[in-house]
Each structure stands twice: as C-alpha cells, then as structure tokens.
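Okay, so here's the structure we're looking at.
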Amino acid sequence: MITTEIKTSHGTFTATFSERGLAQLEFPSRGNARRKGNPLTRRDATLSPSDGERDGVRDFRRWHIATARALKQSLAGKTPKTLPPLDLNSGTEFQRRVWSALRKISSGKTRSYTEVASAIGKPKAARAVGSACGANPIPVLIPCHRVLAANKKLGGFSGGLNWKKSLLAREGIAPKD
DNA sequence: CATCCAGTATATA
DNA sequence: TATATACTGGATG
C-alpha cells in the first residue's frame with residue numbers, strides 16, 4: 001500500500017492506494033495534516049515484483065493525479081468526469097452493494113437510508129445501510145454524504161457532521177436541522 | 001407526542 | 001452471546 005497526501009482548499013486529505021486502485025481516502029485531521037507533505041511515500045512493500053515495479057509506480061502517480069482532480073471537483077460541488085480505479089475489496093458483499101448504490105446518487109440529489117436499502121434489495125436493512133455508510137473507505141468520491149434520514153435530517157457522518165453539512169451545501173442541498 | 005420494538009449486517013467485547 | 005450502530009415504520013400509552 002502507498003499513501004499520498006492531497007492538498008485542497010479545504011485541507012490535506014490522505015489517499016491510500018493498493019495495487020488495484022484507490023482503497024481509502026481520509027479527511028484532513030490534525031494527525032495527517034501534520035505529516036510533512038511527501039508525495040508517494042512508500043509505506044509497505046507489496047508492489048508487484050521486479051518487472052511490475054516500474055508499472056506499479058507509474059500507476060500510482062496516475063491514480064494520485066486522478067484522485068486529486070476528482071476530489072477537488074467534488075469539493076467544489078461538481079461531478080468529476082473521471083475517477084481513479086477504486087479498490088473496494090475491503091468490504092463485505094453487503095457493504096460493497098451499498099457503496100455501489102451510493103455511487104449512483106448524482107450531485108445535488110439525496111436518498112434516505114431506506115431508499116438505499118431498497119435499492120439493494122433489502123428494504124428493511126436501513127440501519128445496516130447506515131453502518132455500511134459509516135464504513136465507507138472513500139468518502140466524498142463515494143457520496144455517503146448524500147444519504148439522509150427518512151425525515152430529511154442529517155443523520156450522522158464518520159468525518160463529522162460539519163463535513164456532511166458543507167458538502168451538501170455546496171451541492172445546493174439544505175437538510176433539516 | 002414519547003417510547004418501544006423488531007428487523008438487519010457488522011464490529012467489538 | 002450481548003451490545004451498539006450514520007434507521008425506520010408501526011404499535012402502544
């Protein structure tokens with residue numbers, strides 16, 4: 001795995017890539033903002049061996065750029081034209097289905113936890129959907145912030161409700177208090 | 001209106 | 001095995 005930092009006007013995000021693509025994206029926090037910006041820091045030597053090495057690094061650089069671009073677009077309330085490949089292997093089948101459903105919510109729209117649950121064929125699993133949203137490894141690009149409670153209230157957010165609120169505001173959505 | 005509860009998938013203890 | 005979650009519609013007082 002490799003981590004890189006992405007500086008935006010809203011803080012420094014941390015992206016983690018596996019050999020398959022973007023695997024995790026973290027909100028700015030005191031912890032990762034303090035780490036000196038050193039792009040493409042190797043953390044773990046699991047690149048493909050010998051021959052693949054050079055290609056691997058090239059991929060990471062490309063993905064890093066694509067991620068930074070997509071992230072900045074999203075933070076501005078726009079829909080990124082292209083995303084880096086996403087590695088969602090970390091989740092369970094249920095979680096991957098939820099995350100997949102989340103990606104179909106376009107900017108400026110919202111769904112309720114129940115609607116997402118129905119979309120994946122488990123209309124009663126709203127609560128479980130909430131858990132899956134909280135486990136979303138790639139917030140913003142996988143728009144977990146567009147899922148509101150049935151009464152159009154905010155619900156919760158792993159990165160802090162302020163983030164959810166401001167992300168929605170930039171998309172022209174004003175959830176209830 | 002205030003509570004309670006079942007149903008659901010996962011994580012944690 | 002029990003409890004706690006980014007939930008919610010229905011039952012009950």
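All values reported here derive from a predicted model rather than from experimental measurement. Just so you know, these numbers use all the heavy atoms, side chains as well, and skip hydrogens, waters and symmetry mates. Residue numbers begin at 1 in each chain, while the letters A, B, ... track the order of the sequences.
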For [X] and [N], give me the distance from atom [atom1] to atom [atom2], rounded to whole Å.
| X | N | atom1 | atom2 | result |
| --- | --- | --- | --- | --- |
| A:W99 | B:dA9 | CH2 | C1' | 12 Å |
| A:R97 | B:dT8 | CZ | C1' | 13 Å |
| A:Q95 | B:dT10 | CD | P | 6 Å |

Considering all heavy atoms, the nearest [X]-[Y] contact:
| X | Y | result |
| --- | --- | --- |
| A:I105 | A:R111 | CD1-CG, 3.4 Å |
| A:T79 | A:S107 | OG1-CB, 3.4 Å |
| A:P137 | A:A23 | CB-O, 3.4 Å |

Inset, instruction - Shoot me the first and last contacting nucleotide of DNA chain C against chain A, ordered 5' to 3', at under 4.0 angstrom to non-hydrogen atoms. - result: C:dT5 to C:dT8

Legend entry - Distance test, side-chain N/O of A:T92 to OP1/OP2 of B:dT10, below 4.0 Å: yes

Inset, instruction - Please confirm whether the backbone N or O of A:T8 pairs with a side-chain atom of A:K72, one donor and one acceptor, at under 3.5 Å? - result: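 Checking the backbone N and O of A:T8 against the side chain of A:K72, no donor-acceptor pair under 3.5 Å is found.
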
Inset, instruction - Classify the nucleic acid contact of A:T114 as base, sugar-phosphate or nothing, counting any heavy atom under 4.0 Å across all strands shown. - result: sugar-phosphate

Inset, instruction - Report which part of the nucleic acid A:F157 touches: base, sugar-phosphate, or nothing (heavy-atom distance under 4.0 Å, all strands). - result: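 Base contact - A:F157 has a heavy atom under 4.0 Å of at least one base atom.
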
Inset, instruction - Applying side chain to side chain contact (heavy atoms under 4.5 Å, CB included) between A:L83 and each of A:I138, A:I142, A:L22, A:L141, report the one that passes. - result: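 Answer after filtering A:I138, A:I142, A:L22, A:L141: A:L141.
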
Legend entry - Name of the residue among A:K176, A:E115, A:K164 meeting side chain to side chain contact (heavy atoms under 4.5 Å, CB included) with A:L148: A:K164

Inset, instruction - For A:R20, check salt bridge (Lys or Arg N to Asp or Glu O under 4.0 Å) against everything at least two apart and list the hits. - result: A:D87

Legend entry - Ranges pairing with ranges for DNA chain B, where each run has three or more Watson-Crick or G-U pairs under 3.5 Å: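 In DNA chain B, stems of three or more pairs: B:1-7 with C:7-13, B:9-13 with C:1-5.
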
Inset, instruction - Sticking with atom P, work out how far B:dG7 lies from C:dA6, rounded to a whole angstrom. - result: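 Straight-line distance between the two P atoms is 22 Å.
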
Legend entry - Validation row, ring centre A:F157 to ring centre A:W163 under 6.0 Å: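 Centroid distance A:F157-A:W163: not below 6.0 Å, so no.
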
